Amino acid sequence: MKSASLAICLLILVLGCTKNGAISSPFGWGIKDDPADLAKYGPNPTQRRDEIRRMARYAEEMSDSEKQLTANKLTQQIKEEQDPLLRIEILKALATLQTPAAHEGLRSGLYDSEMRVRVMAVETMVVGKDPKAIEELGDLIVRDRELDVRLAAAKALEQFDSPESRKALLPAVQDRDPALRYVAIQSLRQHSQVDYGGDASKWEAYAMGENPAPPENVSMTSWMIPSFLR
C-alpha cells in the first residue's frame, strides 16, 4: 500500500493538478501567460528573449521597410534593456537585419558597460562585412581596457582586406601584450602574399602599407618563438 501511495503522489507531482480539465504542471510546464500579469508587469525576460529570437528568425522574410522598423525597435530596446544577456540577444538579431539602423544599434554595443556585450558587438559588426566597421574596430583596439574585447576586435579585422583594415591593426601589432600582437599578426597573415613568420617588425611595416622584403630563411626558431616573444 505504501509503495502504491508513493507512486500516486509522484505521478501527481510530475503531472500536476488539473484546471478546467487541463493538466497544469507544478514546475510551470505548459502554463499559459496570464493576460492580466502581462498587462500589469509586462513580458518577463524569457518572453522578451523569445520575441527577440523570433524577430531574428524571420528577418530573411521581412521587406526592407519591415527590417528598418524592426531595427529601429531593437536599437531603442538595447538602449533601455537592463539585462546584459538580453542585450546580447538583441545584437544577434540586429546582425540579421543589415540596415543602417541595425548598424547603429550594433555600434552602440561597442560602448556597452558589460564586456560580454562589447565582445558580441564586435562579432556581429562584421557579419555583413561593412567597411564602416573597420574604423570602429580599430578605435576599440586603442581605447577599450578589456583585453578580451581588444582581442575580439583584432580577430574580427581579418574579415577585411584593405589598406584601412591593415592600418587599423597597427596599434595591436605594436602593443605590449604578446597575445594581442599574435592575434593581429594572424589577421594580417590572412591576406598577405608574403608570410613574414614571426618577424613583428616586418608585420608592422606591412600594416603601415609597406612591402617588406620576404624573409630569406625562416628558421624553426622564428616560427616557434616569434620575435616579439624572444
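Quick caveat, the model's predicted, so the values are computed rather than measured. These values consider heavy atoms only, across backbone and side chains, with no hydrogens, waters or symmetry-generated copies.
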> Going through the checks in order, is the side-chain contact (heavy atoms from CB on, under 4.5 Å) test met by Leu94 and Thr124?
Replying inline: CA-CA 8 Å; Leu94 283 168; Thr124 51; over 6 Å; no
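- Taking a cutoff of 4.0 Å between a charged side-chain nitrogen and a carboxylate oxygen, Arg166 and Asp161 qualify as a salt bridge.
- For the side chain to side chain donor-acceptor pair (under 3.5 Å) test, residues two or more places apart in sequence or in another chain that qualify with Lys155 are Glu158.
- A side-chain donor-acceptor contact under 3.5 Å links Trp203 to the backbone of Gly197.
- Of the possible polar contacts, none joining the Ser192 side chain to the Leu188 backbone as a donor-acceptor pair under 3.5 Å is found.
- Looking at Asp139, its side chain never comes within 3.5 Å of a backbone N or O of Glu135 through a donor-acceptor pair.
- Ser187 places a side-chain N or O within donor-acceptor distance of the main-chain N or O of Ala154, the cut-off being under 3.5 Å.
- The minimum heavy-atom distance linking Thr75 with Gly105 is given by the pair OG1-CA, 3.6 Å.
- Residues satisfying the side chain to side chain donor-acceptor pair (under 3.5 Å) criterion with Gln174, sequence neighbours excluded, are Glu204.
- Using a distance-only test at 3.5 Å, with no hydrogens or angles considered, no donor-acceptor pair links the side chain of Ser165 to the main chain of Leu157.
- In this structure, Gln77 contributes its side chain and Leu74 its backbone to no donor-acceptor pair below 3.5 Å.
- Inter-residue side-chain proximity for Ile185 and Arg189 is flagged as met; some heavy-atom pair is nearer than 4.5 Å.
- Legend: side chain to side chain donor-acceptor pair (under 3.5 Å) pairs involving residues 108-117, not counting sequence neighbours, sorted by first then second residue: Arg87-Asp112, Glu114-Arg116.
- Aromatic ring pairs are classed by plane angle as parallel below 30°, tilted from 30° to 60° and perpendicular above 60°; the pair Tyr196 and Tyr206 is tilted.
- Hydrophobic clustering of Ile, Leu, Val, Met, Phe, Trp and Tyr side chains at less than 4.5 Å, counting indirect connections, keeps Leu170 apart from Phe160.
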>> Checking Asp177 against Arg150 for the salt bridge (Lys or Arg N to Asp or Glu O under 4.0 Å) test, could you report, in this order, the C-alpha distance in whole Å, the side-chain angles of both residues, the deciding distance, and whether it holds?
In response: CA-CA 11 Å; Asp177 189 281; Arg150 300 169 73 202; over 6 Å; no
Identify all side-chain donor-acceptor contacts of residues 125-134 below 3.5 Å with residues at least two apart in sequence or on another chain.
| residue | atom | partner | partner atom | Å |
| --- | --- | --- | --- | --- |
| Asp130 | OD1 | Lys132 | N | 2.9 |

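- When each of Arg118, Arg107, Arg143 is checked for a salt bridge (Lys or Arg N to Asp or Glu O under 4.0 Å) with Glu136, only Arg107 meets the rule.
- Partner of Val119 under the side-chain contact (heavy atoms from CB on, under 4.5 Å) criterion, out of Val149, Asp144, Leu91, Leu151: Val149 alone.
- Taking Asp148 as the reference, nothing meets the side chain to side chain donor-acceptor pair (under 3.5 Å) condition, with sequence neighbours excluded.
- Around the CD atom of Glu80, the shell of radius 6.0 Å holds more than 12 heavy atoms that belong to other residues, nucleotides or ligands.
- Residue pairs meeting the salt bridge (charged side-chain N to carboxylate O under 4.0 Å, His left out) criterion with at least one member in residues 47-63, sequence neighbours excluded: Arg48-Glu81, Glu51-Arg54, Arg53-Glu89.
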